[in-house]
Amino acid sequence: MSAAAAAAAVPGRRAKAAIHWFRKGLRLHDNPALLRACEAAAVYPVFVIDPWFVSEERVGVNRMRFLLETLEDLDAALRARSSKLSVLRGRPEEVLPRAAAHWGADLLTFEADFEPYALQRDEAVRSLLAERGVRVESFVSHSLYDPRGVAAAGPGGKPPLSYGPFVKLLRGIGPPPRPARDPPAAMPSEGWKPAPAALTFTDNATTASGTGDGASSLPASGEPASAAHGDRLAEARIPSLADLGYAPPEHAPLFPGGEQEGLRRMAAKLSRGDWVRAFAKPKTSPTAVGEPDTTGLSPYLKFGCVSSRRFWHELAAVNAGGPHGSPPTSLEGQLLWREFYICHGFSFPNYDRMAGNPVCRQIAWQDDPELLRRWEEGTTGFPWIDACMRQLRAQGWLHHLGRHAVACFLTRGDLYQSWERGARVFDRLLVDSDWALNNGNWMWLSASAYFFQFFRVYSPVAFPKHTDPDGDYVRRWVPELANFPKAYIYEPWKASKQNQRKWGCEIGSDYPEPIVDHVAVSKLNMARHKAAYEAHKAPGPPRDVPVGDSPGAFQVGSAPRAPKRARGDGDEGDAAAPGGSGEERDGASAAKRAKPASP
DNA sequence: TTCTCAGTTGGCGCA
DNA sequence: CTGCGCCAACTGAGA
Ligand SMILES: Cc1cc2nc3c(=O)[nH]c(=O)nc-3n(C[C@H](O)[C@H](O)[C@H](O)COP(=O)(O)OP(=O)(O)OC[C@H]3O[C@@H](n4cnc5c(N)ncnc54)[C@H](O)[C@@H]3O)c2cc1C
């Protein structure tokens, strides 16, 4: 392969054929890696679907739908520039070398991805292609800054553990780079040929191989794809949800996928200058029904349908229009939180678990699959918590404070289950699931990192009343309770049996009793956390806390009608719970690939 | 080394 | 409805 190696594209020299590998960064704007590929005589944009991710167990229907819609949108945008998207099927390490050989590519470009799973995958691809004489180039365009540079600028080569100093560090670096220019109106396609049929998704009705690859062609610039290609049904195409074995979604998407949708949403939000400048995150409402009270850009930023740099610069222009808030609560502050977690996920090992994670407190979480299941399914008996979990399941999205509420409830607040379990559920269900953001925020909420005031616990009853005293959000997502008046909407178990019947929902049969006595259990959990922190100061393996080993502890301050069940299944009293001593994590192999970066 | 201070977004009772 | 102090007290950063 030395001849091929000699033919590899070199920096600055024009490549013969370049593959641009889309993973995140699913956009044409601000895409430096795509621009680089466009310097070649022909560019082949591809997306690789690794079947490993294709399962509702790993990537829920909302996120998979978002991805497929995004790929459709990307393909349409490429076709308008005389190109098209080839969606390939298989492991990137196998598919990309074959595709490169097929197309005679001497250059592969992609957007850098700093998640551990992606780094490992990309390094494997890079070395495989290097052996075949294909040069690989990556470009930073997902985050505002190159996380390597940010980390290097921090004390000891690590980013600060607190947000304030982190932002100060960024300010010292200066504003993020300006977005790259758009790709050319007609993307290069010298000697273009279609993707290898064996690697693509094709219609079953006819076969692509009949007349060979030559059957396919590229659209002329601006030519509508469907009209131009109606005669080529067997052409490689973007799979549907059904192709991938997903059941039809039960709910319309809250966020339709795609660059166009993302840019449209960003423009709509930024056009409200006063709203943008007055944005204060803690004051936004988690109980909105319908359009979120925040930007709703998270899935677009996660998949890179919208460039964070473009968002930042357009936001800066809006902020220039008058007095505005500042981080951490401002809209810019939100983007910097994203930066914070991305940088931390890159800088610290084992960021997605407690064991071996240098920023994470070691805590002897309980392990009760039944409690986890009820939380996940939205049947805890706390209407606010259940409404949030049901919105999450239905739409794949929750307001930030809704995420706070359910994450606190599952972990340090009430159920005392590991944040890792919660993060795994979120990762499956969220349309915007992002490895670093998800794990980092779960550590925050569980008071495992960044935030340590564990005595501040969200009440599953009182908290939602701030923004929704009438309980309309609960009625939307927990229809069993639709007829309950506001006085009982967050505590339906307090209504008399007679009223429960009258309002059409008997607690205990039509809707569950509360899963725990919140007041009692949150006190116990505070004591547990306090002990865990003390153990942290005087190192040793994490132990469960002998607090609350007396069942009596549960009756302290018990809520009216605290369900008998609350004590029974509430994990309490087992002071001898196995301390997650650390190293015996489940599935070391799962840890290696535990990452839906692309899907 | 030791201290001080600030920290996105708690709940509650009270004025 | 809003603001305030209390609860009991955590951390990382920086002086
Ligand atoms: C337990 C938990 C898990 C989370 N998991 C994810 C996740 O997997 N993916 C994800 O995008 N966000 C996650 N978040 C952060 C946050 O809740 C969402 O980013 C936000 O609710 C998305 O809505 P938005 O785009 O309207 O936010 P906006 O308030 O409009 O913010 C704009 C953008 O800033 C970024 N941002 C905002 N808040 C945060 C934050 N706390 N941390 C990091 N970035 C932030 C996001 O990219 C967001 O789209 C999580 C939060 C919690 C508490």
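Because only heavy atoms are used, hydrogens play no part in the values below, and waters and symmetry mates are left out as well, while side chains stay in. Every chain is numbered from 1 and lettered A, B, ... according to where its sequence line falls, protein lines coming before strand lines.
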Exceeds 12 heavy-atom contacts within 6.0 angstrom, atom CZ of A/Arg178: no

Sugar-phosphate, base or nothing in reach of A/Leu161, heavy atoms under 4.0 Å: sugar-phosphate

Residues touching DNA chain C, which here means a heavy atom under 4.0 Å, drawn from residues 162-176 of chain A: A/Ser162, A/Pro165

Partners passing side chain to side chain contact (heavy atoms under 4.5 Å, CB included) against A/Ala405 (at least two apart in sequence or in another chain): A/Trp384, A/Ile385

Salt bridge present between A/Arg421 and A/Asp367 (N-O < 4.0 angstrom): yes

Pairing of A/Glu376 and A/Arg373 as salt bridge, 4.0 angstrom limit: no

Ring centers of A/Phe484, A/Tyr511 separated by less than 6.0 Å: no

Within 45° cone and under 6.0 Å: A/Arg528 NZ/CZ vs A/Tyr416 ring: yes

Touch class at under 4.0 angstrom, heavy-atom based, for A/Arg412 against every strand present: nothing

Value in whole Å for how far the P atom of B/dG11 lies from NE2 of A/His518: 8 Å

Residue from A/Asp414, A/Ile515, A/Val516 passing side-chain contact (heavy atoms from CB on, under 4.5 Å) with A/Thr380: A/Ile515

Atom-to-atom span, CG of A/Asn525 to P of B/dG10 - whole angstrom: 18 Å

Side-chain donor/acceptor contact of A/His400 with base of B/dT8 under 3.5 Å: no

Test: A/Glu291 and A/Lys269 ion pair at under 4.0 Å: yes

Donor-acceptor contact below 3.5 Å, side chain A/Asn438 vs main chain A/Ser433: no

C1' gap between C/dA13 and B/dT1, integer Å: 15 Å

Distance-only donor-acceptor hits, side chain of residues 167-176 of chain A, under 3.5 Å, sequence neighbours excluded:
from, atom 1, to, atom 2, distance (Å)
A/Arg171, NH1, A/Glu332, OE2, 2.7
A/Arg171, NH2, A/Glu332, OE1, 2.9
A/Arg171, NH2, A/Glu332, OE2, 3.3

Contacts of A/Arg148 that satisfy side chain to side chain donor-acceptor pair (under 3.5 Å) - sequence neighbours left out: A/Asp146

Outermost nucleotides of DNA chain C that come under 4.0 Å of a non-hydrogen atom of chain A: C/dA9 to C/dA13

Residues within residues 276-284 of chain A bordering DNA chain B, heavy-atom distance below 4.0 Å: A/Lys281, A/Pro282

Pairs under 3.5 angstrom only: tabulate donor-acceptor contacts from the side chains of residues 457-464 of chain A to other protein residues two or more places apart or in another chain.
from, atom 1, to, atom 2, distance (Å)
A/Tyr458, OH, A/His404, ND1, 2.8
A/Ser459, OG, A/Val461, N, 3.1
A/Ser459, OG, A/Ala462, N, 2.9

Carboxylate-amine/guanidinium proximity below 4.0 Å for A/Asp274 and A/Arg277: yes

A/Glu480 and A/Arg475 ion-paired at < 4.0 Å: no

Neighbours of DNA chain B within residues 324-343 of chain A, by heavy-atom distance under 4.0 Å: A/Pro328, A/Thr329, A/Gln334, A/Trp337

Neighbours of DNA chain B within residues 462-471 of chain A, by heavy-atom distance under 4.0 Å: A/Ala462, A/Phe463, A/His466

Heavy-atom donor-acceptor pair, A/Asp30 side chain to A/Pro179 backbone, under 3.5 Å: no

Whether A/Tyr163 and A/Trp337 hold their rings parallel, tilted or perpendicular, with breakpoints at 30° and 60°: parallel

Between B/dG7 (C1') and A/Leu445 (CG): distance, integer Å: 15 Å

NE2 on A/His536 to CZ on A/Arg361, rounded to 0.5 Å: 3.5 Å

Side-chain donor-acceptor pair present, A/Tyr341, A/Asp434, cut-off under 3.5 Å: no

Nearest-Å distance for atom pair OH/P, residues A/Tyr458 and B/dT9: 9 Å

Identify the pairs formed between an N or O of the protein and an N or O of nucleotides 13-15 of chain B at a distance under 3.5 Å, and give each distance.
none

Pairwise P distance for B/dC12 and C/dC10, with rounding to whole Å: 22 Å

Nearest-Å distance for atom pair CZ/C1', residues A/Phe451 and B/dG7: 9 Å

Gap between atom OG of A/Ser162 and atom OH of A/Tyr450 - 0.5 Å precision: 10.0 Å

C1' spacing across the pair B/dC5 / C/dA9, given as an integer number of angstrom: 14 Å

Rounded distance in Å - NZ (A/Lys523) to C1' (B/dG11): 11 Å

Side chain to side chain donor-acceptor pair (under 3.5 Å) involving A/Thr411 - partner list, sequence neighbours excluded: none

DNA chain B: stems of at least 3 consecutive Watson-Crick or G-U pairs whose donor-acceptor distances fall under 3.5 Å: B:2-7 with C:10-15, B:10-15 with C:2-7

pair A/Arg27-A/Ser307: side-chain heavy atoms closer than 4.5 Å: yes

